[in-house]
There are 2 protein chains.
Amino acid sequence: MEGKRIMKTNILYQHGTLALLVPGLLTGTITMKELLQHGDTGIGTGEGLDGELIILDGIPYQADSLGNVKVVKDDFIMPFANANFADFKFLTTLKDATPAKFATVALQEKENANTFFAVQVKGIFSYVKTRAVVKSFPPFDTLEATAQKQSIFEAHNIEGTLISYYSPSLFHGAAVAGFHNHFLAADHSIGGHVLDFKIASGKLSRQLFDTLEQHLPITNKEFMDHNFAKDNIADVISKAE
Amino acid sequence: MEGKRIMKTNILYQHGTLALLVPGLLTGTITMKELLQHGDTGIGTGEGLDGELIILDGIPYQADSLGNVKVVKDDFIMPFANANFADFKFLTTLKDATPAKFATVALQEKENANTFFAVQVKGIFSYVKTRAVVKSFPPFDTLEATAQKQSIFEAHNIEGTLISYYSPSLFHGAAVAGFHNHFLAADHSIGGHVLDFKIASGKLSRQLFDTLEQHLPITNKEFMDHNFAKDNIADVISKAE
């Protein structure tokens, strides 16, 4: 993790995999300071699924299960996160757009994509529904059990930013196939993992990656020793994410 | 692909995926010059499955379907390749070792591993059986059809080097789950993708990676437009590789 910060905008950095959350490998294995070496934009979750993270302009925000949004410190640790150095290209302004419309535009009318990309929507959301999980402590339960302890938040006519990462279906398991969306309101009144939304009017921009930099927590003995063969990874991720 | 060569030994670089070979996306999308920016050790195949590649000490060799081994040029292009900067750690000397024994030692008695690693065996092989595919030309056929046009080579009591890349089962499709082995004889009399082997006496060394740098050919329209949903990727790779 040491060394010179190289701000390559063609790289999507991923620490951990969604697969390792499934059996409850929820130990934090990267610090926020380390993650920020790999991007100024991102999403993630804290140790024990401690809230939902969104990084905007280099500032890491956490939406917790009580509905609080705060900036996390350098030593905040995470089992899973994505980051990139923002180089979004404006595509279009969306009006009265559902998640389906958002997907169609972000995919540029294709059914799916074969590479990773990020999408940013900045504007007014007529509706947004988010969730944030209650932090759990060791011994950790499975993702399914832990994710049941989640709070749901809703807001109407709110200004904010949606950050979405798209992963090709080939990488389902490492990531979630399709879009993975997090949101933060401009006034920080609501944030989290997005369950539903409607865009009143928002600028959609996109950043295509040619490289996935997949980092694995190989110094974590629990991860290295785990046998994933008995975990129903693909189905659990599809349901939970 | 420009810029300073950064010789990080914790990274496994992969250009393309095995998945894209399945429907016959066999166009070369990286040059050898570019690949060598990412490692001095590696494996791969040429455009149209033009032979089997092994890179040792920065020199890229191709074993072709006629049984010739030659050094390829900087402008040689490939649809798929792996590379790393060698930093192998000696583990043990194997004697009279089958592929099963090799796997047990390389996996350090575990059933499987959750990260990527490379294995090098240098020594005398009492037996080695390799294959190299006949180069095909556009329009390319599927991997299954193309791989049927392969030559099989055998040698006994031969000195050489085996390079193997291990991928966790989570990444089956992008790579092949388990070991992917290529071989080159010291006298260059035989080389290729390894189908079977027995080690008479060989030094086994291993290099663990914490990062997969997965590069995708996003400027290749055929790749970007392909719908992989109808390709039986996991099964075809298990059979062909």
Side-chain angles (χ1 to χ4, degrees), chain A residues 1-4 6 8 10-20 22-23 25 29-30 38 107-108 110-117 167-175 177 208-231 233-234 237, chain B residues 1-4 6 8 10-20 22-23 25 29-30 38 107-108 110-117 167-175 177 208-231 233-234 237:
Chain A
M1 288 299 141
E2 286 89 28
K4 187 167 141 269
I6 302 157
K8 288 192 173 169
N10 64 314
I11 297 174
L12 170 62
Y13 179 83
Q14 179 164 297
H15 173 78
T17 62
L18 286 179
L20 61 79
V22 172
L25 297 168
T29 46
I30 190 171
H38 301 280
L107 283 165
Q108 301 188 301
K110 289 185 197 169
E111 261 183 69
N112 50 57
N114 294 328
T115 196
F116 297 85
F117 62 86
S167 300
S169 51
L170 183 61
F171 293 89
H172 186 67
L208 211 60
F209 306 113
D210 70 5
T211 298
L212 169 71
E213 187 177 341
Q214 171 66 67
H215 183 247
L216 296 168
I218 69 166
T219 56
N220 182 259
K221 190 170 154 43
E222 229 182 341
F223 166 67
M224 290 296 271
D225 288 350
H226 186 79
N227 183 353
F228 286 90
K230 57 191 189 306
D231 304 318
I233 291 167
I237 293 171
Chain B
M1 288 297 142
E2 287 90 28
K4 186 166 142 271
I6 303 158
K8 287 192 175 170
N10 64 313
I11 298 175
L12 170 62
Y13 179 82
Q14 178 164 298
H15 172 77
T17 62
L18 286 179
L20 61 79
V22 172
L25 298 168
T29 45
I30 190 171
H38 301 281
L107 283 164
Q108 303 189 299
K110 287 184 197 168
E111 262 183 71
N112 51 57
N114 293 328
T115 195
F116 297 85
F117 62 86
S167 300
S169 51
L170 184 62
F171 293 89
H172 187 65
L208 212 61
F209 307 113
D210 69 5
T211 298
L212 170 71
E213 188 177 341
Q214 170 67 67
H215 183 248
L216 296 168
I218 70 167
T219 57
N220 182 260
K221 190 171 154 43
E222 229 181 341
F223 165 69
M224 290 296 272
D225 287 350
H226 186 78
N227 183 353
F228 287 90
K230 58 191 188 307
D231 303 317
I233 290 167
I237 292 172

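Values in this document were obtained by computation on a predicted structure and should not be read as measured data. Here is how names work: the chains are called A, B, and so on, in the same order as the sequence lines, proteins then strands, and each is numbered from 1.
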task: Counting only heavy atoms closer than 4.5 Å, note whether B:Leu20 contacts chain A via side chain, backbone, both or neither.
output: neither
- prompt: Atom CD of A:Gln214 and atom CD1 of B:Ile11: how far apart are they, to the nearest 0.5 Å?
  reply: 12.5 Å
- prompt: Is the count of non-hydrogen atoms from other residues, nucleotides or ligands lying under 6.0 Å from A:Lys221 atom NZ greater than 12?
  reply: no
- request: Could you look at B:Phe171 and say if it's the side chain, the backbone, both or neither that has a heavy atom under 4.5 Å from chain A?
  value: side chain
task: Please step through side chain to side chain contact (heavy atoms under 4.5 Å, CB included) for the pair A:Asn227 and B:Asn112, ending with a clear verdict.
output: CA-CA 8 Å; A:Asn227 183 353; B:Asn112 51 57; 3.9 Å; yes
field: Which of A:Leu216, A:Thr17, A:Asp225 touches chain B most, by non-hydrogen pairs under 4.5 Å
entry: A:Leu216
- prompt: With distance as the sole test, does B:Asn114 use its side chain to make a donor-acceptor pair with the main-chain N or O of A:Phe223 at under 3.5 Å?
  reply: yes
Chain A contacts, top residue of B:Leu212, B:Thr219, B:Leu12 (heavy-atom pairs, under 4.5 Å): B:Leu212
Heavy-atom contact with chain B under 4.5 Å, split by part of A:Ala113: neither
task: Using non-hydrogen atoms and a 4.5 Å limit, figure out which bit of B:Thr115 sits close to chain A: side chain, backbone, both or neither.
output: both
field: Distance-minimising heavy-atom pair for A:Leu170 and B:Ala174
entry: CD1-N, 3.9 Å
query: Hey, what do you get for OG1 (B:Thr211) to OH (A:Tyr13), rounding to the nearest 0.5 Å?
result: 6.0 Å
task: Check whether any side-chain heavy atom of B:Leu208 lies under 4.5 Å from a side-chain heavy atom of A:Met224, and answer yes or no.
output: yes
